Each structure stands twice: as structure tokens, then as C-alpha cells.
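These figures come from a predicted structure and were not determined experimentally. Each ligand, and each atom within it, is numbered from 1 in the order the structure gives.
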Amino acid sequence: MEHGGDYRTLWQDLGLDLEAHDNLLQTLGQAYQEIFLAQPNRPRAMEYFDFVVSEIHGLRVRELVEAKEQGRKIVAGFCVFVPEEVVLAAGGVLIGLCGGAEVGFDRAEQYLPRATCPLVKSFFGFKLARLCPYIELADLVVGETTCDGKKKAYEAFGELVPMHVMELPQMKAEPDRALWRAELERFTARIEELTGTAVTAEALRDAVGVVNAKREALNRLNRLRAAEPAPISGLDALLVHQISFYDDPVRFTEKLNALCDELEERIRRGEGVAPAGTPRILVAGSPMAIPNWKVPFVVERCGGVVVGEESCVGSRNCRDLVDPSADSRAGLLDALCERQLRIECACFTPNRERLDTVARMAADLGAHGVIHYNLSFCTPYAAESFRVVRALADRHQPVLRLETDYSQDLGQIRNRVEAFLEMIGAG
Ligand code: BJ8
């Protein structure tokens, strides 16, 4: 991938496999060119996000190295239940780890069953293949007991990196809330120990403000996509969500608000990325981690436009904000707990609210159809897909179930998506 600086010494110091890393960046650069830069009529403000991707293993990594040199700790996580607010309040940096490419799977399969979700195999593979600078920079990696695939993978991953695993309950009744609240306390203590900085009420409130502002900007983007014609492609919007996990939160919020200003302007002028009448699709289901761009790529190359993601790389991560009004640290942790337990992850049972959320999002965004997307071997979302299909059928909303991994099975997916778009168009 093109980048502005020479980072070879940096990558070497981090112990990356330089040759394989060169190949990875080259492949990613080509894919980015074909998938993103080739799109017509993109908003100008996407330039910043293109730049961030072109520097994905460069400038941001250097920033993090400098942050470490100044004594800040880098914490890495895989799930939206890892509270960024606590890490920021202790002066640390939280980054989401790569898990969206078929990298190092053969090595990962020496630790994990073949029938493991690609997202899990990917973070394992990136580490074993020595291809992810972020994993190498992390002072602590935080896991959570969500699905079985992740939960068991963390046991093995803990042999390779320093880990802290949070016990996420599987239900949302009172005892479960108490458990998660206690886990937030235990996590905060671990972060304080790591950073040597006490998490005060004041610092936590500031951090809540920073992360709420980021979520508000993401929500603003999501709302603007309800316009017809759609002002931004699903590919670009997904990319923005993916970048939200590893960019500096304050800078990211500023740049995203600038993008939203431009989109508002486009909407006022009646401009879109695709003509009015283009079939509009909501994607719901498993998260799409960077660089997993398969579904919106296929939908948009087949003549549709993705207008929303009911996903953790999407609305699930930003829909609700933390109430910042408490004046004590305990009160703010309560508010954090309260917000997180509104997240409708399929790892919870029951998870009925999610069915209404998918239907409501489809209606609010003016979607003509929903693609329920799940990664291969992701049992929680696959199991829920049946109920989502029924709930949408009751509302006469067309839905397509897609299950895929990170392989290049584009032809097969294209056939199914084309048929779905045709059906919607004819309906
Ligand atoms: S809160 S969705 S980010 S757990 S895709 S690894 S579920 S087998 S990622 Fe998730 Fe947190 Fe829930 Fe959101 Fe398992 Fe499924 Fe793989 Fe998954």
C-alpha cells in the first residue's frame, strides 16, 4: 500500500515478517484501489479516510510508538464491550485489532479447530504470521466471554500475549448486570495497575465526553444515509466505522463531522452516490472488521446501495450514549454498564430487542431489503437469522441470508445478490 514515510525500521523493531508484510500491504493497496478509489462520485472528505487507510501500518503505528515513548499504554480489544472510556481515563489508548482478512489461517489452525469463525482465525493468524503492528504494540490485550469461538481462542492467545478476559454475562437480568458491573470494576483496577494512573471521576467524565462525541458523529453519519438518493456509499460508510476502532478519537470525530457537513450539503442539493430509485439494502448480523468489504462491494457493484449496518462495526457500537451526568466514578461506571447492556449482541439470550431493531432500522433508512450476513461458523448470528427472517417476513420486508468467510467466493455471492436485487426491483 502507498504510504508517505519509510517505516521499515519501525516494522523491523516490532518484529514483523517484512517480506510477508510487504506482500500484504501490496495486496491491500491493490484491493483498495479497485474497491474504494474506483467508486464514482465519492464525497471529497473521504480523502482523510483514504489517507488513514494508506497509513494503516504507518503513521498511526508511529503515533502509537510515540505515545508509548511518552509513557502511555496501548490496550487492544476485539469487542465493543471493552470500555474505551476507562482506558482513556487512565491515559491509555484503545485500539481494535485487525480481524477481517484471510491471513495466517494455516498457522491459526494449529491452535484452533478449522471450523472456527474467520474473524477469530484472522486475529490469531495476524499474530502468528507476525503481520500486525498493533498486536505487537499492545501492552495488554482484552478479551471477553462472548461466543465460544472467541472465549476458547483467548485461552490459547493468552500464551502469546498478555491478556485480560472480561466475563460478559449471557443474559441481562439483575444478577447479570451485577456481574458485568463488577467486571467493569475489575477491568478498571487492571487498567490502573497497568498505567499507574488512578481513574478519577473527572478523567472518566472527560473520557465519556470524548467517546460520546465519537458515537454522536457516527450516529449522524448513519442518520444521513436515510436520504434518498443515498449521499454516501455503503463501502465508504463501513470504512468510516472500521476506522473508528483505531484512529485517534478526537481527530476522527472532527474529520467525520466534516464529512457529515459535506453530506448534508449534498442532500440539500439532491445529490447522491447512486441515482434515486437504486435498491437500498440494510446489512444486519456479524461484524465486518477491516479489511472485510465483501458484502457492500458486491451489493454496490451489482447496482444496489447499502444504507446501514446493524452490526458492531456499525450501529450497535454507537447507537446509545453514556449518561455523563453522574458526579462520582462509581456513578459513571454504572452509566457505562447501563449503556453497554443495551447492546444487542447475539451472544445474549434472549435477544428479542434485536429483531425490532433490525425492522425499525430497515424502515427508518428506507431499505427495500435486508441482507442478514453471517460469518461462517458464527453460531449466535446464524441461529438468530431464522428469527430475523420471520420478523421481517411479518412486516413484508424482503430478506436474504448470506453466510460466507473471507475467501474470494465473489461469484457465488454475486449471483445471489443479483437475484435478490432483481426481486426487490420487481416487487
Ligand atoms: S458485542 S457481535 S463485537 S461479540 S463473528 S467472533 S460472535 S463467531 S464478533 Fe462481537 Fe462483541 Fe458481540 Fe459485537 Fe463469535 Fe460470531 Fe465470530 Fe463474532
Query raised in the report: Is any side-chain heavy atom of F252 closer than 4.5 Å to a side-chain heavy atom of V52?
Result: no
Report summary line: For L375, the atoms of ligand 1 under 4.0 Å from one of its heavy atoms are 5 (S)
Requested in this report: For C312, take its heavy atoms, then give the atoms of ligand 1 lying under 4.0 Å from any of them.
Outcome: 1 (S), 2 (S), 3 (S), 13 (Fe)
Query raised in the report: Ring centres of F105 and F124 under 6.0 Å apart?
Result: no
Query - Atoms in ligand 1 with a heavy atom of T146 nearer than 4.0 Å - result: 4 (S)
**Report entry** For R316, the ligand 1 atoms whose distance to one of its heavy atoms is below 4.0 Å
**Finding:** 2 (S)
Query raised in the report: Is there an N/O/S atom in C79 at a distance below 2.8 Å from atom 12 (Fe) of ligand 1?
Result: no
Query raised in the report: Nearest protein heavy atom to atom 15 (Fe) of ligand 1, by residue and atom, and its distance?
Result: C378 SG, 2.3 Å
Requested in this report: Could you please spell out the steps behind the side-chain hydrogen bond (donor to acceptor under 3.5 Å, both in side chains) verdict for T404 and K294?
Outcome: CA-CA 9 Å; T404 179; K294 199 192 262 188; 2.8 Å; yes
Requested in this report: Kindly indicate, with the supporting measurements, whether the criterion side-chain contact (heavy atoms from CB on, under 4.5 Å) is fulfilled by Y406 and L375.
Outcome: CA-CA 8 Å; Y406 293 163; L375 285 168; 3.6 Å; yes
Query raised in the report: Side chain, backbone, both or neither: which part of C117 has a heavy atom under 4.0 Å from ligand 1?
Result: side chain
Query raised in the report: Can we call the ring centroids of F49 and F36 under 6.0 Å apart?
Result: no
Requested in this report: Return yes when at least one N/O/S atom of C147 is nearer than 2.8 Å to atom 14 (Fe) of ligand 1, and no when none is.
Outcome: yes
**Report entry** Short side-chain to backbone donor-acceptor contact, R215 and R319, under 3.5 Å
**Finding:** no
Query raised in the report: Counting only heavy atoms, which portion of V120 has something under 4.0 Å from ligand 1: side chain, backbone, both, or neither?
Result: side chain
Report summary line: Residues H164 and R186: closest non-hydrogen pair is CE1-NH1, 3.4 Å
Report task. Can you sort out which atoms of ligand 1 are near C345, meaning under 4.0 Å from one of its heavy atoms? Result -> 1 (S), 2 (S), 4 (S), 12 (Fe)
Report task. Look at atom 10 (Fe) of ligand 1 and say which protein heavy atom is nearest, naming residue and atom and giving the distance to 0.1 Å. Result -> K150 NZ, 3.6 Å
Report task. Return yes if some donor-acceptor pair links the side-chain N/O of Q39 with the main-chain N/O of L235 below 3.5 Å, else return no. Result -> no
Requested in this report: Please could you name the atoms of ligand 1 that Y381 approaches to less than 4.0 Å, counting only its heavy atoms?
Outcome: 2 (S)
**Report entry** R316 and E344 ion-paired at < 4.0 Å
**Finding:** no
Requested in this report: With heavy atoms of F81 as the reference, note each atom of ligand 1 found under 4.0 Å away.
Outcome: 1 (S)
**Report entry** Any G149 heavy atom less than 4.0 Å from ligand 1
**Finding:** no
Query raised in the report: Will you find, in the side chains of N374 and S385, an N or O donor that is under 3.5 Å from an N or O acceptor?
Result: no
Query - V80: numbered ligand 1 atoms lying under 4.0 Å from its heavy atoms - result: 1 (S), 3 (S)
